[in-house]
Amino acid sequence: MPSLVRAGSRKVAVVGVALADCGRVDGVTPYALHAQAARRALADAGLGRDAVDGLASAGLGTLAPVEVAEYLGLRPRWVDSTSVGGAAWEVMAAHAADAVAAGRANAVLLVYGSTARADVRAGRRTGDLSFGARGPLQFEAPYGHTLIAKYAMAARRHMHAYGTTLEQLAAVAVQARANAAANPEALFRNPITVDDVLGGPVIADPFTRLHCCLRSDGGCAVLLVAEELVRECAQPPVWVLGSGEHVSHSAMSAWEDFTVSPAAVSGRLAFERAGVRPAEIDLAQIYDAFTYMTLVTLEDLGFCAKGEGGAFVERGRLLRDGDLPTNTDGGGLSAQHPGMRGLFLVVEAVRQLRGRAGEGRQVHRRDGTLPRLAVASGTGGWFCSSGTLVLARD
């Protein structure tokens, strides 16, 4: 295990993780889900609210994270609201770890909550997410392609360039559902087959419904602390070993290669800073709004060569007992996806590294021991941004 200590810095650990109520949650506000997740994460860590001096939050309120801090009764001296889509949480976790390591904060709470599903049902928003038509997007808006269509075009390019098949993409959804089957917190747990995925209604060619993430309500929270506070906590620490972040484009016309995601940079940086290689990782939590995201991110993180993602995923490697257990809670394809899902990746990685994921779904290494290293890699926009964390158990 590489050293966790950098010159002139403190080690940083995740000591509290929790989910708010997820799935179908009617009659609550996003603020309430933030508060529920925050209380549960603090209880998990065994710390009180007064220990928190840093807050990271994005996606809610006019003055995020000011409104969230007020609602939670916090007065943080360090804040972050970096909003880069689903990758925001890995990026903010990296910023928080740097702040704690440098002594600018001692305990930073990252918290998220969304009623994305309930809002659609109540008519408070539509099912389509609009990013507006200003700035670079004004040149694409007239052509009408949606967020899903942008990912679909990228998937088609990978299929054209490398021979990736629809069946291989479908295998990602099938394995995510198999992992979700053992997760009582997952929204969808019934088994599916490749034929089920291929036979569903087309959403944006080549994606059918089961190639796409579900829409749910929910929230979660993660607490990072300085090493001095670890002894006061109720849970064993999971150390932040390394991190990386990268943004690559906004307009699709500025994306140099649809088959390369920004995780190619964020992942390389995270592994270099952690001092580990992809081959040493025991499990991966990867943003999966669409099946193609999982496949190409695995390539770009270095788990297989570029163009070999299709062959990699079709052999059951992503299952809980596979060669690289991936999205072991079922991911956004089957467990929950209330919008900016990146923080859920960290929660699941920490639970698995602690050995407390639950009966029937805890990952073990081939020798029967608990996993030691995990990677959580979030993606934002239409592969516009990426944040990657490498996490380690003592």
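The figures that follow rest on heavy atoms only: side chains count, while hydrogens, waters and symmetry mates do not. Bear in mind the structure is a predicted one, so any value in this text is a computation, not a measurement.
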Start with the C-alpha distance between Lys150 and Glu140, add both sets of side-chain angles, then the distance that settles salt bridge (charged side-chain N to carboxylate O under 4.0 Å, His left out), and finish with yes or no. CA-CA 11 Å; Lys150 293 179 180 184; Glu140 297 183 349; 3.3 Å; yes
- Message: Determine whether Asp257 and Arg157 satisfy the following criterion, salt bridge (charged side-chain N to carboxylate O under 4.0 Å, His left out), listing intermediate values before the conclusion.
- Response: CA-CA 9 Å; Asp257 187 341; Arg157 182 61 191 173; 5.7 Å; no
(message) As a quick check of understanding, evaluate salt bridge (charged side-chain N to carboxylate O under 4.0 Å, His left out) for Arg372 and Asp282, giving each step before the final call.
(response) CA-CA 7 Å; Arg372 297 288 301 278; Asp282 295 311; over 6 Å; no
Point to revise | salt bridge (charged side-chain N to carboxylate O under 4.0 Å, His left out) between Arg361 and Glu348, intermediate numbers included | key: CA-CA 11 Å; Arg361 72 180 202 89; Glu348 177 64 12; 2.7 Å; yes
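With ring centers used as reference points, His337 lies under 6.0 Å from Tyr287. Between Phe383 and Phe258, the gap from one ring centroid to the other reaches at least 6.0 Å.
Between Thr291 and His211, the side chains place a donor N or O and an acceptor N or O closer than 3.5 Å (distance only, hydrogens not considered). For the 3.5 Å distance criterion, the side chains of Gln336 and Glu185 fail to qualify, holding no donor opposite an acceptor. No side-chain N or O of Thr297 forms a donor-acceptor pair with one of Asp300 less than 3.5 Å apart. Remark: the Asp195 side chain and the Thr193 side chain contain no N/O donor-acceptor pair separated by less than 3.5 Å. Between the side chains of Thr328 and Gln285, a donor-acceptor pair is found at a separation under 3.5 Å. The closest side-chain donor-acceptor pair between Glu67 and His34, if any, does not fall under 3.5 angstrom. With 3.5 Å as the limit, one finds no donor-acceptor pair spanning the side chains of Glu256 and His249. With hydrogens and angles left out, the side-chain atoms of Asp53 and Trp78 include no donor and acceptor closer than 3.5 Å.
Between Glu299 and Lys306, at least one side-chain nitrogen of the basic residue sits less than 4.0 Å from a carboxylate oxygen of the acidic one, meeting the salt-bridge criterion. Checked for salt-bridge contact, Asp323 and Arg315 miss the test: no charged N lies under 4.0 Å from a carboxylate O. A salt bridge is absent between Arg75 and Asp50; no separation between the charged side-chain nitrogens and carboxylate oxygens falls under 4.0 Å. Ion pairing between a basic and an acidic side chain is recognised when a charged N comes within 4.0 Å of a carboxylate O; Asp329 and Arg320 show no such pairing. Between Arg356 and Asp44, no side-chain nitrogen of the basic residue sits less than 4.0 Å from a carboxylate oxygen of the acidic one, so the salt-bridge criterion is not met. With salt bridges taken as basic N to acidic carboxylate O contacts below 4.0 Å, none links Asp98 and Arg273.
Around the CZ atom of Arg209, the shell of radius 6.0 Å holds no more than 12 heavy atoms that belong to other residues, nucleotides or ligands. Sparse packing is recorded around CZ of Arg24, with 12 or fewer heavy atoms of other residues, nucleotides or ligands lying under 6.0 Å away. Counted within 6.0 Å of CZ on Arg49, heavy atoms from surrounding residues, nucleotides or ligands total 12 or fewer; the atom is thus considered open. More than 12 heavy atoms of other residues, nucleotides or ligands lie within 6.0 Å of CD in Glu167, so this atom counts as buried by the packing criterion.
When hydrophobic clusters are built by joining Ile, Leu, Val, Met, Phe, Trp and Tyr residues whose side-chain heavy atoms come closer than 4.5 Å, directly or via intermediates, Ile203 is grouped together with Val172. In the hydrophobic clustering of this structure, Met340 groups with Leu19; members are Ile, Leu, Val, Met, Phe, Trp, Tyr whose side-chain heavy atoms approach within less than 4.5 Å, directly or through other members.
Partner Pro65 forms a side chain to side chain contact (heavy atoms under 4.5 Å, CB included) with one of Leu74, Leu60, Val79, Leu72 and no other, that one being Val79. None of Val390, Leu301, Leu298 except one satisfies the side chain to side chain contact (heavy atoms under 4.5 Å, CB included) rule with Ser377; the exception is Leu301. Just one of Leu324, Ile286, Ile281 meets the side chain to side chain contact (heavy atoms under 4.5 Å, CB included) condition when paired with Val375; it is Ile281.
Classified by interplanar angle (parallel below 30°, tilted 30° to 60°, perpendicular above 60°), the ring pair Phe344/Tyr112 is perpendicular. In this pair, Phe207 and Phe290 present their aromatic rings parallel. The plane angle is below 30°, not in the 30 to 60° band.
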